[in-house]
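Written below as structure tokens is the structure these notes are about.
Heavy-atom basis, side chains included; hydrogens, waters and symmetry copies ignored.
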Amino acid sequence: METLFEVLFEDDEMLAVNKPAGLVCHPTKGDVYSSLISRARLYLGENSTPHLVNRLDRETSGIVVVAKNPFMAGKLAGLWERRAVEKEYLAIVCGSIANDQGSVDAPLGKDETTRVAIKDCVRPDGSAARTDFEVLQRFQRAEGEFSLLKVRPQTGRKHQIRIHLASIGHPIVGDKLYGLDENFYLALVEDRLTDEDRRRLFLPFQALHASSLSFNWRLKLFQFEAVPEPWFSGFLNF
């Protein structure tokens, strides 16, 4: 039987899992293993009604919270809406970032210059967005210079971390949409990525991992931690 996911926490109302990179949160095809929500149903049983409280992009790995019933889903969703959830990500970016810490405060909205419908960008008339980051490590490989960051998004816009880091000249390693060339993304969705494309991307997925998540609920602090997958960690251990 295929491994569904790593379980980080479970009680009668809630499940926290470490989503693997490459897995979509909601179904795009019939395979019961093809999405996180369908795997949650397999894990919890055929009569279960799981709801994803938060979501991650297909190529982003890390913590996703699953409510086991609609009531809990509504209550937990309220925490996210009130920005009462502390989130931290790990990101490997291209280049050596000069400052040990920083913030990107730039509004985001639809990119009207692209062929990719889901792509957003920094634009003056966009929605307010802020991302804080701290440099954990600077390192060099044969491919060039890189930085490992701890990232704390202060808002929850679509693709926020990826866009903000790319906007300051440090795109996330392996990001097919906001990295070197958006044609990598088009090649991915059209199933025509070549070996040369994969070599130029350095990693099979974008190096963004939701590593920590915490919130207070019913007078109790819930805190979840998730370790990145070997392909991510291995890029650091050269």
Side-chain angles (χ1 to χ4, degrees), residues 2-5 17-42 52 54-64 89-95 106 108-123 126-127 129 131 141-144 146 151 153 156-210 228-235:
E2 184 175 343
T3 301
L4 297 175
F5 37 58
V17 304
N18 187 6
K19 183 189 85 69
L23 181 68
V24 295
C25 280
H26 285 281
T28 56
K29 54 185 178 180
D31 179 2
V32 292
Y33 291 100
S34 67
S35 69
L36 183 61
I37 192 66
S38 59
R39 292 186 184 199
R41 291 192 191 98
L42 280 177
L52 303 187
N54 65 307
R55 303 177 187 180
L56 297 174
D57 297 337
R58 173 169 60 178
E59 292 205 351
T60 301
S61 59
I63 303 166
V64 175
Y89 290 72
L90 293 174
I92 304 173
V93 300
C94 298
L108 303 178
K110 184 173 178 57
D111 187 341
E112 296 176 346
T113 68
T114 177
R115 293 183 292 155
V116 181
I118 65 167
K119 190 175 184 180
D120 283 359
C121 67
V122 172
R123 51 184 295 171
S127 300
T131 303
R141 295 172 50 99
E143 301 94 333
F146 302 91
V151 184
R157 309 301 178 194
K158 184 182 74 175
H159 301 166
Q160 175 180 316
I161 295 173
R162 298 163 61 192
I163 299 170
H164 273 170
L165 293 176
S167 75
I168 61 170
H170 297 283
I172 292 174
V173 176
D175 192 330
K176 300 172 181 66
L177 186 54
Y178 299 103
L180 293 172
D181 187 337
E182 69 179 30
N183 284 314
F184 286 129
Y185 175 82
L186 294 170
L188 173 70
V189 297
E190 294 167 5
D191 197 25
R192 54 178 178 81
L193 265 182
T194 66
D195 289 342
E196 175 61 18
D197 290 338
R198 297 179 193 280
R199 186 192 66 78
R200 292 181 62 202
L201 288 163
F202 303 145
L203 286 172
F205 306 106
Q206 62 199 23
L208 182 61
H209 174 72
E229 295 176 284
W231 62 265
F232 185 111
S233 303
F235 196 77

- Query: Counting only N and O atoms by type, is there a donor-acceptor contact under 3.5 Å from the side chain of Arg123 to the main-chain atoms of Gly109?
  - Reply: no
- Task: Apply the test side-chain contact (heavy atoms from CB on, under 4.5 Å) to residues His209 and Asn18: give CA-CA distance (whole Å), side-chain angles for both, the deciding distance (0.1 Å), then the verdict.
- Result: CA-CA 10 Å; His209 174 72; Asn18 187 6; 3.6 Å; yes
- Query: Are Val173 and Glu143 close enough that some pair of their side-chain heavy atoms sits under 4.5 Å apart?
  - Reply: no
- Query: Per the salt bridge (charged side-chain N to carboxylate O under 4.0 Å, His left out) rule, which among Arg192, Arg198, Arg199 passes with Glu196?
  - Reply: Arg199
- Query: Looking only at heavy atoms, what is the nearest atom pair of Cys25 and Ser35, with distance?
  - Reply: O-CB, 3.9 Å
- Message: Using side-chain contact (heavy atoms from CB on, under 4.5 Å), reason through His26 and Leu52 one step at a time and then give a plain yes or no.
- Response: CA-CA 9 Å; His26 285 281; Leu52 303 187; 3.9 Å; yes
- Message: If I compare all heavy atoms of Ala91 with all of Val151, which pair ends up nearest, and what's the gap?
- Response: CB-CG2, 4.1 Å
- Note on the structure: Residue pairs meeting ring-ring contact (aromatic ring centres under 6.0 Å, His included), one or both in residues 178-203, sequence neighbours left out, come to Phe146-Phe202, His159-Tyr178
- In chain order, what residues pass the salt bridge (Lys or Arg N to Asp or Glu O under 4.0 Å) check against Lys110, with sequence neighbours excluded? none
- Task: Using the side-chain contact (heavy atoms from CB on, under 4.5 Å) rule, take Val64 and Phe5 through it: C-alpha gap first, then chi angles, then the decisive distance, then the call.
- Result: CA-CA 11 Å; Val64 175; Phe5 37 58; over 6 Å; no
- Query: Hey, is the main chain of Ala187 close enough, under 3.5 Å, to the side chain of Lys176 for a donor-acceptor pair?
  - Reply: no
- Message: To the closest 0.5 Å, what do you measure between CG (Leu208) and OG (Ser61)?
- Response: 7.5 Å
- Item | Separation between CH2 of Trp231 and CG of Leu203, rounded to the nearest 0.5 Å | 6.0 Å
- Is atom CZ of Arg55 surrounded by more than 12 heavy atoms (other residues, nucleotides or ligands) closer than 6.0 Å? no
- Message: Rounded at 0.5 Å granularity, tell me how far CG in Leu4 sits from OG in Ser38.
- Response: 9.0 Å
- Message: Any heavy-atom pair between the side chains of Val17 and Ile63 that's under 4.5 Å?
- Response: no
- Contacts of type side-chain hydrogen bond (donor to acceptor under 3.5 Å, both in side chains), residue Thr131, not counting sequence neighbours: Gln160, His164
- Could I get the full list of side-chain hydrogen bond (donor to acceptor under 3.5 Å, both in side chains) partners for Asn183, not counting sequence neighbours? Arg115, Asp181
- Not counting sequence neighbours, which residues clear side-chain hydrogen bond (donor to acceptor under 3.5 Å, both in side chains) with Thr114? List them please. Glu182
- Message: If the condition is side-chain hydrogen bond (donor to acceptor under 3.5 Å, both in side chains), which residues does Gln206 pass it with, not counting sequence neighbours?
- Response: Thr60, Arg162
- Message: So, taking the atom named CG in Leu177 and the one named CD1 in Ile163, what distance separates them when rounded to the nearest 0.5 Å?
- Response: 8.0 Å
- Message: Once rounded to the nearest 0.5 Å, what's the spacing between atom NZ of Lys19 and atom CG of Asp57?
- Response: 8.0 Å
- What's the spacing between Arg157 CZ and Ser127 OG if we round to 0.5 Å? 4.5 Å
- Message: Can you confirm whether Leu36 sits close enough to Leu56 that some side-chain heavy atom of one is under 4.5 Å from a side-chain heavy atom of the other?
- Response: no
- Task: Answer whether the closest heavy-atom distance between the side chains of Arg39 and Leu23 falls below 4.5 Å.
- Result: yes
- Query: Just by distance, do the side chain of Asp111 and the backbone of Val116 share a donor-acceptor pair under 3.5 Å?
  - Reply: no
